[in-house]
Every structure is written in structure tokens, then in C-alpha cells.
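This report refers to the structure that appears directly beneath it.
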2 protein chains.
Amino acid sequence: MTAAPEQPGDDVAARAGSYPKGVARRQEILARAIEVFAAKGLEGTSLRAIAEAIGVSHAALLHYFPSREVLLIEVLKANETRFRGDDADRDPTEIVGMMTNAAHRNVGIPGMISLYSSMLAGSIEDGKEYSREYFSQRFERLRAKLVSRIEEGQSSGTVRADLEPEALAALVIAASDGLQVQWLLDARVDIARSLELLDVILAPSSENPTTENS
Amino acid sequence: MTAAPEQPGDDVAARAGSYPKGVARRQEILARAIEVFAAKGLEGTSLRAIAEAIGVSHAALLHYFPSREVLLIEVLKANETRFRGDDADRDPTEIVGMMTNAAHRNVGIPGMISLYSSMLAGSIEDGKEYSREYFSQRFERLRAKLVSRIEEGQSSGTVRADLEPEALAALVIAASDGLQVQWLLDARVDIARSLELLDVILAPSSENPTTENS
DNA sequence: GTCTATAGGGCGATAGAC
DNA sequence: GTCTATCGCCCTATAGAC
């Protein structure tokens, strides 16, 4: 999110109300919304259902958020921010571990996985430019982050040098996303166990020294 | 699909109309629906939009399919069947190649990827038992298929023996699904290139002979 | 600035005419 | 077997109370 060239407050947040009370109430609504989604998933995610769970009218929600789509994406953004600077994110060496940790956090809030997957799938449709923009930037940012870690690992010799960082980054993210959905459908799927297999790709083998690219 | 214990015709297909003309018209509607989705994605997937594109009323659609949900899942099933027995599926040795081929086919019909992702995300919600059942069985069937190929590879020495077949199967499927979505959002993502990295996991290294499991 | 009340248009689904 | 008519719900928009 911070990878994009935008100031911290240059968000939709600034749009409603001037400043003193507007944003505070907005944050409050957002926080309540996160609770609701985390608990119930996007079961009955109509604006009216969300509004009722929060204790306001659906029109009040639209006073702070221009549309249902924007509200839901803001919930995802806010949830993401909650874990900013967690564990493995501070160790700029972790690659697979970064995704494993994120996945582990999400397992505690299946409703968020559901919301994320749903919005992601919907972001392809026409008229969902706000969603699409968010997910495009999110994937670009995540890939860039992983690419830089992979390249550092290749420089320091902890990661095989004959791997395309971009392709590997996309793979790790895709695996993490896909596994979370499979887990939702079948709890026997062990996300961490599967993700750890990716470390096999990363590890430099003895016959493939970290120098030499072909 | 055939992995589940069910006769060929024991489908929702048999439910509408007796037999002679009902199922024929049903198949016709299904075929037209596939074209519509393949071309336009699930842009305007309302029953009314689908009906208009096919040239009937939305009520007519509901005469052959009990609900929109069922219709859409049947479209996915029918699309899946179209490619039954393709290329790599006949080579019971291919593992990653099986998913690469499937992904390659889907890239030609982005609307189907979109439909698939959307229905998959929605299948978690309450009241979507039909979708959930389909995806649960689909994943179980795919994983089983891959597990058996992996185990054969491990027996014959073409696949590392120290890998959990179940975890690996889930990983390969997850990566394939996740990469297709990323590709929809950013065509620079190279699905095949990323999937091929998984072959690095599969390949037995010289220091890890295929015998010995721990 | 904040919110309630209300209205427009579209949706999935059903009932009943032909 | 296919249609029209209708129901209840949804998102969105807006007018105006406080």
C-alpha cells in the first residue's frame, strides 16, 4: 500500500467531513465493520445488514463511504494495516515465512479470507475500478517486496541464483492465496506445510552454486 | 468429477422435464451460456442478461435450472467436461504440466476464470451448498489425482521421496488458481514460468536420493 | 455536518395464464 | 414449455430534518 506514491492521508478517508469528527466516526465504523466481517464473513453483506450490525442506517454508511464497494475495500485495507510491522515482516530475509505468517493470521479470521476472495474475484468486472485498482496495486507491491528479498537472498547466497525473482514472487503469493481458499473448503489442507515446500525451491543445492545463471 | 460415486446421468440434468426434449433444450441453453460467459465474463450475469443473450425470458431459464447458482455451476461443469482427456491428462506422469496445460486453456477464456473465481469465493457463504459441494469435490478429486501421480513418481524415482504428496498436491493446485487470478489483473504475470518453478521441488537432487524418507 | 426517510431501478424467485 | 406479472430484497441516490 505504501509502495504507491501517495501520502498517508490521501485516501478516501479525507473525503467525508472536514476533519475533527468525520474521520473519527469513519474509523469507528470501519473498526466495527471489521469485527462484523471477521465474525460472520460476508454472509449477509448487504449495506442494510452491515448497517444494522453496526447500529446505524444504511444511508449513514453511505455518508462516510461513497458505495458498498468502497466500504468493503476499505475494510480490507484497514484489516491489512492492523498487522503492519508484524513478526516476519521485520525480518527482511524471510520470503516464504512472510506469506506463512500472513496466512496464519488470516486463518484466525476466515471471514476476512472470504471477503478478500470475493472482492478479488469481483474486481475483474466492469465498473469495479476501485477494487481493481486496489488489488492491482496490492499484488504489485507484494511482488516488488518479495522480488527485493529474493534478489538480496541471491546476492548473499541463501537463495538459488538461477531463479527468476518475478516469477517466484508471483508463485509464492498465488500459492498463499489459493491455499487459504482450499483451506476454507477443507480444513484438512495444511497451509503452512504446503507453503514450506516452496523453501525447497529457494534453497541453493550443492550442485547448483549460487553463481552462474545458466 | 468422475471420482465421486455417481452415475453419468445422475445429475441435476435429469430433473427438468421428463427426458425426450427437456434435456436437449437444457444442453442447448448450457452451451449458449458457456459462449456468453466465455465472451463477456460474468459482467452482467443476471438471469435476465443471460436470458436475453440466449433469447429467452429469465423465467424460462429457471424452468430448466432451479436457481441461478445451479445454472452457473453447471456452466463450470460443462466447460470442464469440454476438455476431458486433453493432452497432458493422458500422460499420467505429468504433474506440474497438468496444471500448466489447464491454465493455458483457461487463458483463452478469461471469462471462465472470472466465473470460476467468483463462484469459488461465493461457495463459502451460507445457502450456497450446491456450489460448496461442487468445489469441495473438485478439489478433492484434483488432489487425489495429483497425489497418485506424485506417489508413482516417487516410486519410479522421478520425484523426490521426501515430500508429502498431499501437501504438494494442494500447493500445485493453489498456485495454478492463484496465478490465473493474478494474470487477469496483470497480464505481465507469466503463469507457465511461475508454475515451472515447481518442477524444482519435484526433481530429486543428487544429494537427496529417492530412497529414504527421513 | 450528521443522519433519517424515501424513491428509483434491478435482481432472483414464484405463480399462473396460454 | 414458455411467457407475463408480481413479490420482496437489494444498491444507489437524494431531499430535507436536526
Side-chain angles (χ1 to χ4, degrees), chain A residues 12-30 32-33 36-37 40 42-75 115 118-119 122-123 125-131, chain B residues 12-30 32-33 36-37 40 42-75 115 118-119 122-123 125-131:
Chain A
V12 192
R15 225 183 270 161
S18 350
Y19 258 63
K21 192 175 183 182
V23 297
R25 182 88 177 100
R26 206 188 112 110
Q27 299 289 34
E28 189 184 324
I29 289 178
L30 220 43
R32 269 301 278 135
V36 173
F37 282 111
K40 301 202 323 165
L42 76 166
E43 190 159 335
T45 16
S46 75
L47 272 184
R48 283 165 173 82
I50 302 170
E52 191 186 5
I54 293 182
V56 295
S57 77
H58 78 276
L61 255 47
L62 290 176
H63 178 72
Y64 294 98
F65 304 88
S67 71
R68 185 185 111 107
E69 182 194 0
V70 170
L71 167 61
L72 264 43
I73 293 294
E74 293 302 317
V75 167
L115 176 62
S118 226
M119 296 302 290
S123 71
E125 301 172 62
D126 286 1
K128 295 282 181 66
E129 283 72 27
Y130 193 83
S131 302
Chain B
V12 192
R15 225 182 270 161
S18 347
Y19 256 66
K21 193 176 184 183
V23 296
R25 182 86 176 100
R26 207 189 112 110
Q27 299 289 32
E28 189 185 324
I29 290 178
L30 218 44
R32 272 298 279 132
V36 173
F37 283 112
K40 302 202 321 165
L42 76 165
E43 190 158 336
T45 14
S46 74
L47 275 181
R48 283 167 174 83
I50 302 169
E52 190 186 7
I54 293 181
V56 294
S57 76
H58 78 276
L61 255 49
L62 291 175
H63 177 72
Y64 294 97
F65 303 89
S67 70
R68 186 184 109 107
E69 181 195 0
V70 170
L71 167 60
L72 265 42
I73 293 294
E74 292 303 315
V75 167
L115 177 61
S118 225
M119 296 302 289
S123 71
E125 303 171 60
D126 286 2
K128 296 282 181 64
E129 282 73 27
Y130 193 82
S131 302

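Below, read A as the first sequence line, B as the second, and so on, with proteins coming before strands; counting in each chain starts at 1. As a basis for the values below, the full set of heavy atoms in this structure was taken, side chains included, without hydrogen atoms, waters or symmetry mates.
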In whole angstrom, what separates [X]'s [atom1] from [N]'s [atom2]?
{"X": "A:Gln27", "N": "C:dT2", "atom1": "CD", "atom2": "P", "value": "14 Å"}
{"X": "A:Arg25", "N": "C:dT2", "atom1": "CZ", "atom2": "P", "value": "10 Å"}
{"X": "A:Glu125", "N": "C:dC11", "atom1": "CD", "atom2": "P", "value": "13 Å"}
{"X": "A:Phe65", "N": "C:dG1", "atom1": "CZ", "atom2": "P", "value": "17 Å"}
{"X": "B:Leu61", "N": "C:dT14", "atom1": "CG", "atom2": "P", "value": "14 Å"}
{"X": "B:Leu47", "N": "D:dC9", "atom1": "CG", "atom2": "C1'", "value": "15 Å"}

Contact under 4.0 Å: [X] side-chain N or O vs [N] OP1/OP2:
{"X": "A:Tyr64", "N": "C:dC3", "result": "yes"}
{"X": "A:Arg68", "N": "D:dC10", "result": "no"}
{"X": "B:Ser46", "N": "C:dG10", "result": "no"}

Output the single nucleotide from [options] whose closest atom is nearest the side chain of [X].
{"X": "A:Arg48", "options": "D:dC3, D:dC11, C:dC3", "value": "D:dC11"}
{"X": "A:His58", "options": "D:dC3, C:dA5, D:dT12", "value": "D:dT12"}
{"X": "A:His63", "options": "D:dC3, C:dT2, D:dG1", "value": "C:dT2"}

- Note on the structure: Here the pair of heavy atoms bringing B:Arg68 nearest to B:Leu62 is N-CD2, 4.2 Å
- Item | Check: A:Arg25 side chain, A:Tyr64 main-chain N or O, donor-acceptor pair, under 3.5 Å | no
- Main-chain N/O of A:Ala53 paired with A:Arg32 side-chain donor or acceptor, under 3.5 Å: yes
- Task: Could you check whether B:Leu62 gets within reach of a base, just the sugar-phosphate, or nothing at all, counting any heavy atom under 4.0 Å?
- Result: base
- When we call it a touch if two heavy atoms are under 4.0 Å apart, what does A:Val56 touch: a base, just sugar-phosphate, or nothing? nothing
- Query: Are a donor atom and an acceptor atom from the side chains of B:Glu74 and B:Tyr130 found within less than 3.5 Å of each other?
  - Reply: yes
- Would you give the length of the straight line joining atom NZ of A:Lys40 to atom CG of B:Asp126, rounded to the nearest 0.5 angstrom? 9.5 Å
